[in-house]
Asks: 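Dropping a structure here in structure tokens format, bear with me for questions.
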There are 2 protein chains.
Amino acid sequence: MKSISAFPTKQEMRDHKRREIVRCASEKFGTEGYDNVPLEAIAAELGVTKAALYNYVSSKNDLLMQCYEVGMDRLITAVEQAMDTPGTAAERLRIGLETYVVTMTRKDMQYLWNYIRPLLSPGETHSVQTSRDQIDSIFRAMLKNGIEDGSLRADLDPKLASLVILGAINWVGIWFRPSGAQKSQEVAREVVGEALRGYLTS
Amino acid sequence: MKSISAFPTKQEMRDHKRREIVRCASEKFGTEGYDNVPLEAIAAELGVTKAALYNYVSSKNDLLMQCYEVGMDRLITAVEQAMDTPGTAAERLRIGLETYVVTMTRKDMQYLWNYIRPLLSPGETHSVQTSRDQIDSIFRAMLKNGIEDGSLRADLDPKLASLVILGAINWVGIWFRPSGAQKSQEVAREVVGEALRGYLTS
DNA sequence: CACTTTGGTAACCGTTGGTTACCAAACTTT
DNA sequence: AAAGTTTGGTAACCAACGGTTACCAAAGTG
């Protein structure tokens, strides 16, 4: 959460306000669902009128995209940071995937990550696809590392393996609800463990 | 596609019309997305006005649910029929999963199956969850069969395995677009093969 | 032949995304 | 300091769409 300086410039104020809008929208979209959140609700929570928001975003869909990008950055950053640790590629992959699950199941990410596609226009869909490919390639690279350092089976196909692993992992975001009995950390460990099981050289 | 008799009774006509509405809506929802299809569009395609639809459905959301249920029935029927074949449990599981993928990636199922949840009210969500559990238990039962007949590894946990396998399979419905180069049948074979790889004895 | 039931239409309402006309306060220029 | 000019906001409005209501015509019924 970037904060503003004591004597903010005009530009800083603008940026700050825009980020606040996105933060507020992320929370509401993420928990209540995009369609159930009128712009007026976001505006009201920030103490302004709906029209004021249009000084910072060009449309409700644009706002959604900005929420998505912020969430996506958080996800990628968290995963890369988690993987930046000593150990075999298999171990690093495991911690990266677990972090992915935990971050993705944050309440302000639930709806954002899994259900965003049908809400977008074709051009925006492409941007989402690019982000997903980015995540995919991060994990795929680690799979290759695992083959090289011998911590993963030599006969695995990184493309197919990442398809199956990411599928299993993303599926968690569909059925897991934070309100449930299990903590997301436990679920992450279980599911990631199972998804990797067949690929380890154990 | 059920068709009507030569001299339909009133009740038959009613049912027929309701099914036609659902069929038309499924196609449009499935290809264009729920939010992008006004009821007027469906009505227009059927040559009536929007208000006429309300003789057959109680709301747009109710119509969506009916589309979902029809699709769900089709999916379960197709899978059960495909699995009703001689062979080891592993072989039957494979054909069942491949059928699942192929059916799910029909163009009038794309949006329906994967993106329906945020569109529903809590009560409807429960109904969707029940359907998913039904599919899940079908495959889980076959996993148990596989352990018993020795075609699947004895040490697999049906619950976790079905989680990973169904995750991988459902993920196909997210990224696969019929317009792509690959046919859905090929994709199904590849992905199902990979998802089952670690569970086979052999 | 009345009269009820059915399936439909036109017109309307409420919500909500998005726009426009306008205003006040804060910079900028002279 | 006075006169523009830009910025960030508001109130009022428009258009699209889900949903409802008043009404009508045709078919079925006693």
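Chain naming here is simple, since letters A, B, ... match the order of the sequence lines and numbering starts at 1 in each. These numbers were taken from a predicted model, which means no experiment stands behind them. Side-chain atoms are counted along with the backbone in the values below, which use heavy atoms only and exclude waters and symmetry mates.
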Asks: Assign the ring pair B:Tyr100 / B:Phe139 to parallel, tilted or perpendicular, where the plane angle (0 to 90°) is split at 30° and 60°.
Replies: perpendicular
Asks: On the six-membered ring of B:Trp175, is A:Arg117 placed so that its NZ or CZ lies under 6.0 angstrom from the centre and within 45° of the ring axis?
Replies: no
Asks: With the threshold set at 4.0 Å, does a side-chain nitrogen-carboxylate oxygen contact exist between B:Arg74 and B:Asp108?
Replies: yes
Asks: State whether B:Arg23 and B:Glu20 are salt-bridged, where the test is any N-O pair (Lys NZ or Arg NE/NH1/NH2 against Asp/Glu carboxylate O) under 4.0 Å.
Replies: yes
Asks: Generate the contact string for nucleotides 5-22 of chain C. Rules: B means base contact, S means sugar-phosphate contact only, - means no protein heavy atom under 4.0 Å.
Replies: -SSBBB------BBB---
Asks: Would you list the pairs meeting ring-ring contact (aromatic ring centres under 6.0 Å, His included) in which at least one residue belongs to residues 22-48 of chain B, sequence neighbours left out?
Replies: B:Phe29-B:Tyr34
Asks: Taking CD1 from B:Ile42 and C1' from D:dC17, how many angstroms apart are they, rounded to a whole number?
Replies: 12 Å
Asks: Taking CG from A:Asp15 and C1' from D:dT7, how many angstroms apart are they, rounded to a whole number?
Replies: 15 Å
